[in-house]
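Worksheet for the structure shown next.
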2 protein chains.
Amino acid sequence: MRATALSLASLPARPHKTADLAPGTPAAVVTAPPPRRPRGRPRKTAQERSDGNRRRQLMDGAAQLFRSKGFAATGTRDIAAAAGMHSGSPFYHFASKSALLFAVMNEGMASAVQSQQQALAVLAPQAPARECLRVLIRHHFEVLLGPRSSFIAVMLYEWRSLTPVQRRRIALVKDSYEAAWMPALTALGQQGLLQAEPGVARLFIFGALNWAVQWFAPDKGKSLDELTEQALALFIHAG
Amino acid sequence: MRATALSLASLPARPHKTADLAPGTPAAVVTAPPPRRPRGRPRKTAQERSDGNRRRQLMDGAAQLFRSKGFAATGTRDIAAAAGMHSGSPFYHFASKSALLFAVMNEGMASAVQSQQQALAVLAPQAPARECLRVLIRHHFEVLLGPRSSFIAVMLYEWRSLTPVQRRRIALVKDSYEAAWMPALTALGQQGLLQAEPGVARLFIFGALNWAVQWFAPDKGKSLDELTEQALALFIHAG
DNA sequence: CCTACCGATCGGTAGG
DNA sequence: CCTACCGATCGGTAGG
C-alpha cells in the first residue's frame, strides 16, 4: 500500500502552472496558497519532495539567486539547478522567468503583511505609540534580515525588473504593509516625539531600515533587538 | 585654417583605452581626468563631439541606462546607440562593459568627494556640528538627486555587479566620503542631540537619505532644501 | 519533469 | 570608430 502510494505520487497530477501575472496578464487578487496541512503525520521523504513542493523549491532558490546576483544576471538554468531540476523544467511550474520573480515578491509581501498583523495583535489595545513603533520596527527587521529575508530583499531591489502590471499588483500589498505604520507615526507626531512630517518620516524611516540589508551581518555586530532600540532612539525624541 | 583644424580633428589620435580595473587588473589610484580646459573660446560644434568627449558621452549614457535598466539588463549596443555609435565602438574606449561600470562609479564617487570638500570648506571653522550636518545632508541630496545623480545611483544599486577587485577600489573612495560625516555625528552625540551610537546612526542616516532615489520626484513634492530640514528634524533632537 | 532544440541576443574581436 | 562576424548563452518550447 505504501509502495503504491509512492508510485502514484511519482506521476503527479499536472500542477497548476500559473501565469502569475506574466507581462500583459490582467490583474486579479493573488495571495499565498493555503498551507493545506495534510491529516496524517508529515513525511519528509522523497514523497515530500515531489508534488507541489517543487514550486516552493523553485521560489526559494530563485529568491536567493535573484538577491545575490540580480534578476537579469540569474539564468533560468541556475534556478533549475538550485532546485535539482534540468534546464527546461522550471517552465513546467512557472510560465516565465518574470512570473517566477513576481511569485517570489508576492509571496514575500503577502507573508510579511500577515506576520505584521500577528505582531501587532499581541499589543495591548491602548499601547503607547512608541511601543507600537517598536513592534513594527522589530518585525520589519525580522522580515528583512531573518531567515526568509531573500524574498523581501528581492522585492526591494528588483522593483524595476517587474512589468508595469506586476508592479501595480505588488504595490497594493506593499501599500497595506506601509499603511500600518501611519497611526503610530501620526500619534508620535502629535505628542511631539517625532519632529518630521509623518509622511516624510515614514519614507526616511523605511529607507534607514531597508538599507540594513546592505550592511547587516548576522552573528556579527548588533542583534535585531539592539538595532531596534538604536533605531527608536534615533527617530523618537526623548519622551 | 578652420577647415584644416576640423579635418585634422576628424582623425583623432588613438585615445587612451584604459582597462579601468577590468576583472583581475591590479589596483592603482584612479581619479577623474583633469578638465583640461582649452585655451581658446570653447566650441560646441562637431569638433566638440569627437576627441576624448566620446568617452564621457559613453559614461553619461551608460550611467543613465545602468540606473534605469540595471547593469546586467543593459546591452553594450544600447550604450553605443545612446552615444551615437555603432555596436563595437564602445570597446574602442573601454576594455569591457565591466570597465565602463567601474568608470561610471569611480567618476561619480570621485566628484562627490570633491564637491563634498568644497561644501564643507564654506563652513566657518567653529561652526556648530548641527550646521555641519546640515551641509553634509544638503550636499548629499544634491549628489543623489541632482542632475548628475545617475552616477551615484548606479554606485548604490549596482555594487554587486562589480568584481571583488573593483569593489575594493570603490570602497576606498566611498569610505573617505562617509568618514567626513563622523566628526559631526560624534559631536552631536556628545551634546546629547543624537541618541543613537554614531556608527549605527551613520548607517541609518545614509539609508534614510539614499532611499530617496527610490521615491524622490523632482518638480513635485518637497524641494531638496525642505527635505534637508525634515531629515535634520527627524534625526537631531531638540537643542 | 527530461531531452533536444530553436531563434535571438549577448559581450567582444579582427581588420580596416 | 565602423563592418562583419564569432562563440556562448539566454528564455522558452515541443514532444514525450
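Side chains are part of it too, since the values below use all heavy atoms of this structure and drop only hydrogens, waters and symmetry mates. Below, read A as the first sequence line, B as the second, and so on, with proteins coming before strands; counting in each chain starts at 1.
At least one side-chain heavy atom of L58(B) sits less than 4.5 Å from a side-chain heavy atom of P90(B). For the pair D60(B)/R148(B), a side-chain contact is recorded, criterion being any heavy-atom separation below 4.5 Å from C-beta on. For the pair T76(B) and S87(B), the minimum side-chain heavy-atom distance is 4.5 Å or more.
Listed by first and then second residue, the side chain to side chain donor-acceptor pair (under 3.5 Å) pairs involving residues 202-213 of chain A are H140(A)-N210(A), E178(A)-R202(A) (not counting sequence neighbours).
In this structure, H139(B) contributes its side chain and Q116(B) its backbone to a donor-acceptor pair below 3.5 Å. Panel note: side chain R54(B), backbone A83(B); a donor-acceptor pair is recorded below 3.5 Å.
Look at OH on Y92(A): it is 7 Å from P on dC1(C), rounded to the nearest Å. Taking atom CZ on F94(B) and atom P on dT13(C), their separation rounds to 15 Å, with Å as the unit. In this entry the distance linking CE of M85(B) with P of dT3(D) reads 14 Å, nearest Å. Atom pair H93(B):NE2 and dC2(D):C1' shows a separation of 12 Å (rounding to whole Å applied).
Atom CZ of F141(B) is separated from atom CG of L224(B) by 7.5 Å, given to the nearest 0.5 angstrom.
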Distances under 3.5 Å between protein N/O atoms and the N/O atoms of nucleotides 5-12 of chain D, please, pair by pair.
{"from": "dG11(D)", "atom 1": "OP1", "to": "T74(A)", "atom 2": "O", "distance (Å)": "3.2"}
{"from": "dG11(D)", "atom 1": "OP1", "to": "K97(A)", "atom 2": "NZ", "distance (Å)": "2.8"}
{"from": "dG11(D)", "atom 1": "OP2", "to": "T76(A)", "atom 2": "N", "distance (Å)": "2.7"}
{"from": "dG11(D)", "atom 1": "OP2", "to": "T76(A)", "atom 2": "OG1", "distance (Å)": "3.1"}
{"from": "dG11(D)", "atom 1": "N7", "to": "R77(A)", "atom 2": "NH1", "distance (Å)": "2.8"}
{"from": "dG11(D)", "atom 1": "O6", "to": "R77(A)", "atom 2": "NH2", "distance (Å)": "3.0"}
{"from": "dG12(D)", "atom 1": "OP2", "to": "K97(A)", "atom 2": "N", "distance (Å)": "2.7"}
{"from": "dG12(D)", "atom 1": "O6", "to": "R77(A)", "atom 2": "NH2", "distance (Å)": "3.4"}

Pair R67(B), S149(B) - check side chain to side chain donor-acceptor pair (under 3.5 Å), show working. CA-CA 9 Å; R67(B) 178 192 195 163; S149(B) 59; 2.8 Å; yes
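In DNA chain D, stems built from 3 or more consecutive Watson-Crick or G-U wobble pairs, each with both distances under 3.5 Å, span C:1-16 with D:1-16.
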